[in-house]
Number of protein chains: 2
Amino acid sequence: MTGKIIPDIVVSRLPVYLQTLQRFAKEGETTTSSKELGERSCITAAQVRKDLSFFGEFGKQGSGYNIVFLSDQIRSILKINRGWDVALVGVGDLGHAIARYPGFAERGFRIVFVFDNDPTKIGTKIGKHTILPTEIMVETIKNAGITVALITVPSRAAQAVADQLVQAGIKAILNYAQASLNVPDHIRVETVSPILQLQHMMYYL
Amino acid sequence: MTGKIIPDIVVSRLPVYLQTLQRFAKEGETTTSSKELGERSCITAAQVRKDLSFFGEFGKQGSGYNIVFLSDQIRSILKINRGWDVALVGVGDLGHAIARYPGFAERGFRIVFVFDNDPTKIGTKIGKHTILPTEIMVETIKNAGITVALITVPSRAAQAVADQLVQAGIKAILNYAQASLNVPDHIRVETVSPILQLQHMMYYL
DNA sequence: TTCTGTGAACCGCTTCACAGCG
DNA sequence: CGCTGTGAAGCGGTTCACAGAA
């Protein structure tokens with residue numbers, strides 16, 4: 001089972017299942033079925049079973065899946081059964097909002113450094129973080145061994161920041177800038193694109 | 001050509017093409033090819049040609065696509081060759097950041113109303129908008145004939161807000177809350193899910 | 001020649017359907 | 001009987017390859 005290549009689209013559904021499972025857990029459920037999990041995740045039951053079977057046999061025939069057990073398995077597969085230290089680059093309005101948002105830390109993504117290049121911001125505090133100058137970014141990230149970063153700088157600066165992050169040893173970038181980033185093949189980038197999502201929806205109006 | 005059902009995945013790539021075309025335009029180009037447009041959009045040339053051919057014959061054999069013309073065609077297909085009035089619900093940190101972000105207006109999505117239910121916020125100004133109480137939301141949106149809304153309220157409140165928005169005649173919702181919304185079939189919802197995107201990437205680290 | 005538009009081949013994800021176990 | 005796990009079938013999107021226009 002391990003070593004087999006899993007379709008990326010399957011991996012991308014695991015966080016969705018996890019989210020639904022957490023909702024079930026909050027509702028006091030202890031067990032679910034592929035049918036129920038699928039319905040609440042907008043995915044067919046067969047798809048759910050096939051997806052999960054890529055990674056193991058997590059269910060019990062006749063009774064379904066144990067919610068806590070399956071959640072733990074998915075967290076383990078996604079490597080989010082541990083915490084991840086994250087760097088945040090760019091403290092405009094959006095960076096500010098993200099730095100103060102507790103949702104990332106609740107899922108194990110701890111923002112440990114916040115960088116900006118604006119001299120009037122450097123040294124000031126945002127929550128419990130002191131804003132650090134980008135000059136020391138590469139070295140700081142390298143020394144801390146951080147591999148995940150969020151980019152919330154203006155589009156025109158995003159590529160330069162990405163280049164620095166790659167140099168600093170970052171392996172995964174969540175990009176909030178309205179720009180597509182050029183990075184080496186072994187670096188993962190996901191872009192948050194609310195504008196593209198809006199434009200997409202307009203087609204159907 | 002019109003009336004034919006276009007795969008949603010094709011529609012979802014149009015905004016990507018448009019974004020790339022705009023970059024080309026800014027770089028002073030006037031013409032491009034499926035090869036060039038594809039490379040900069042991380043999509044194969046054949047895919048680009050096939051996608052565009054769903055909607056018409058926009059290129060010239062031998063020379064490629066006129067950038068301005070193709071941009072206009074895509075904007076027209078997506079119905080973003082006009083402006084859209086948008087309502088924003090929820091003025092926490094994120095809503096605040098979005099209300100002040102000029103990127104939406106630059107692409108024709110004008111935020112015309114901002115709602116919140118916090119009495120200490122209602123009546124205060126954010127940019128040029130006065131924050132309005134949610135009590136008058138349904139009526140205000142209905143009267144203005146607005147069909148697009150952004151939800152930036154806490155997860156627990158998102159479904160209730162969505163229900164109201166549907167009642168108000170909203171047809172497309174961009175949901176920033178960490179929650180999946182239940183809405184009638186004819187309403188489009190897209191969710192911005194940075195946390196799911198991060199979790200997805202962790203698999204590959 | 002260059003590059004588009006497109007039928008056909010291909011490939012991979014989704015769905016089906018059922019064996020098998022509790 | 002209920003529900004999983006899974007080979008096989010089905011389907012839809014992607015890629016190929018080439019006719020044809022500039």
Side-chain angles (χ1 to χ4, degrees), chain A residues 1-18 20-21 24 29-74 77 200 203, chain B residues 1-18 20-21 24 29-74 77 200 203:
Chain A
M1 210 52 82
T2 317
K4 198 201 264 172
I5 290 160
I6 316 281
D8 182 64
I9 195 161
V10 172
V11 177
S12 75
R13 278 190 295 261
L14 296 182
V16 179
Y17 298 143
L18 186 58
T20 303
L21 287 168
F24 285 152
E29 305 289 329
T30 60
T31 290
T32 187
S33 64
S34 60
K35 180 166 183 289
E36 188 183 38
L37 177 54
E39 270 169 13
R40 294 283 288 266
S41 309
C42 298
I43 292 166
T44 65
Q47 186 78 79
V48 172
R49 292 200 301 277
K50 179 133 287 200
D51 284 351
L52 296 177
S53 74
F54 273 103
F55 302 97
E57 310 201 348
F58 301 137
K60 281 196 173 42
Q61 289 163 330
S63 64
Y65 301 91
N66 177 284
I67 287 172
V68 171
F69 175 74
L70 183 56
S71 298
D72 285 346
Q73 290 299 316
I74 292 178
I77 293 163
H200 176 192
Y203 176 79
Chain B
M1 208 54 78
T2 316
K4 196 202 266 173
I5 290 160
I6 315 280
D8 182 62
I9 194 159
V10 172
V11 178
S12 73
R13 278 190 293 261
L14 297 182
V16 179
Y17 298 143
L18 185 58
T20 304
L21 288 168
F24 285 152
E29 306 287 330
T30 61
T31 290
T32 187
S33 64
S34 60
K35 180 167 182 287
E36 188 182 40
L37 178 53
E39 271 170 12
R40 293 282 288 265
S41 309
C42 299
I43 291 165
T44 66
Q47 185 78 80
V48 171
R49 292 200 302 277
K50 180 134 283 199
D51 283 351
L52 296 177
S53 73
F54 273 101
F55 302 97
E57 310 199 349
F58 301 138
K60 281 195 170 46
Q61 287 163 330
S63 65
Y65 301 91
N66 177 284
I67 288 172
V68 170
F69 175 75
L70 183 56
S71 298
D72 285 346
Q73 290 299 316
I74 292 177
I77 294 162
H200 176 191
Y203 176 78

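Convention: sequence-line order gives letters A, B, ...; per-chain numbering from 1.
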task: Using atom CD1 of Ile43(B) as one end and atom C1' of dG13(D) as the other, report the distance to the nearest whole Å.
output: 13 Å
task: Find the distance Asp8(B):CG to dT14(D):C1' and express it as a whole number of Å.
output: 16 Å
- prompt: Where the side chain of Arg13(A) is concerned, which of dC13(C), dT14(C), dC16(D) is the nearest nucleotide?
  reply: dT14(C)
query: Between atom CD1 in Ile9(B) and atom P in dT15(D), what is the gap in whole Å?
result: 10 Å
- line: Taken to the nearest whole Å, CD1/Ile5(A) to C1'/dG12(C) is 13 Å
Options dT14(C), dG5(D), dG5(C), nucleotide nearest the side-chain atoms of Arg49(B): dG5(C)
message: Output the rounded distance in Å from CZ (Phe54(B)) to P (dT4(C)).
response: 17 Å
message: Between Ser34(A) and dC3(D), is there a contact of a side-chain N or O with OP1 or OP2 at under 4.0 Å?
response: no
- prompt: When rounded to the nearest 0.5 angstrom, what distance separates CG in Asn66(B) from CD in Glu29(B)?
  reply: 12.0 Å
- prompt: Ser33(B) side chain: which of dT4(C), dT15(C), dT4(D) is closest?
  reply: dT4(C)
query: Looking for any heavy atom pair under 4.0 Å, which part of the strands does Leu52(B) touch: base, sugar-phosphate only, or nothing?
result: nothing
task: May I ask you to evaluate whether Gln47(B) reaches the phosphate of dG13(D), defined as a side-chain N or O under 4.0 Å from OP1 or OP2?
output: no
query: Between Glu36(A) and Arg40(A), is there a salt bridge with N-O shorter than 4.0 Å?
result: no
- request: Would you kindly give the NZ-to-C1' distance between Lys60(A) and dG20(C), to the nearest whole Å?
  value: 16 Å
- request: With DNA chain C as reference, determine whether Ala46(A) or Gly59(B) sits nearer its 5' end, using the nearest nucleotide of each.
  value: Gly59(B)
query: What nucleic acid atoms does Lys50(A) come within less than 4.0 Å of, heavy atoms only: base, sugar-phosphate, or nothing?
result: base
query: Can you check whether Ser63(A) has a side-chain N or O nearer than 4.0 Å to OP1 or OP2 of dG22(C)?
result: no
- request: For Leu70(A) and dC3(D), give me the distance from atom CG to atom P, rounded to whole Å.
  value: 16 Å
- prompt: Closest to the Gln61(A) side chain: dC3(D), dT6(D), dA21(D)?
  reply: dC3(D)
- request: Could you tell me the separation between the OH atom of Tyr17(A) and the CG atom of Asp51(A), rounded to the nearest 0.5 Å?
  value: 3.5 Å
- line: To the nearest angstrom, the CG-C1' distance between Asp51(B) and dT6(C) comes to 13 Å
statement: Distance col, row Leu70(A):CG vs Thr20(A):OG1, nearest 0.5 angstrom, shows 10.5 Å
statement: Checking dA17(C), dG5(C), dT15(D) against the side chain of Tyr65(B) (C-beta onward), the nearest is dG5(C)
- request: Sort out for me which residue in Leu14(A), Ile6(A), Val11(A) forms a side chain to side chain contact (heavy atoms under 4.5 Å, CB included) with Phe54(A).
  value: Ile6(A)
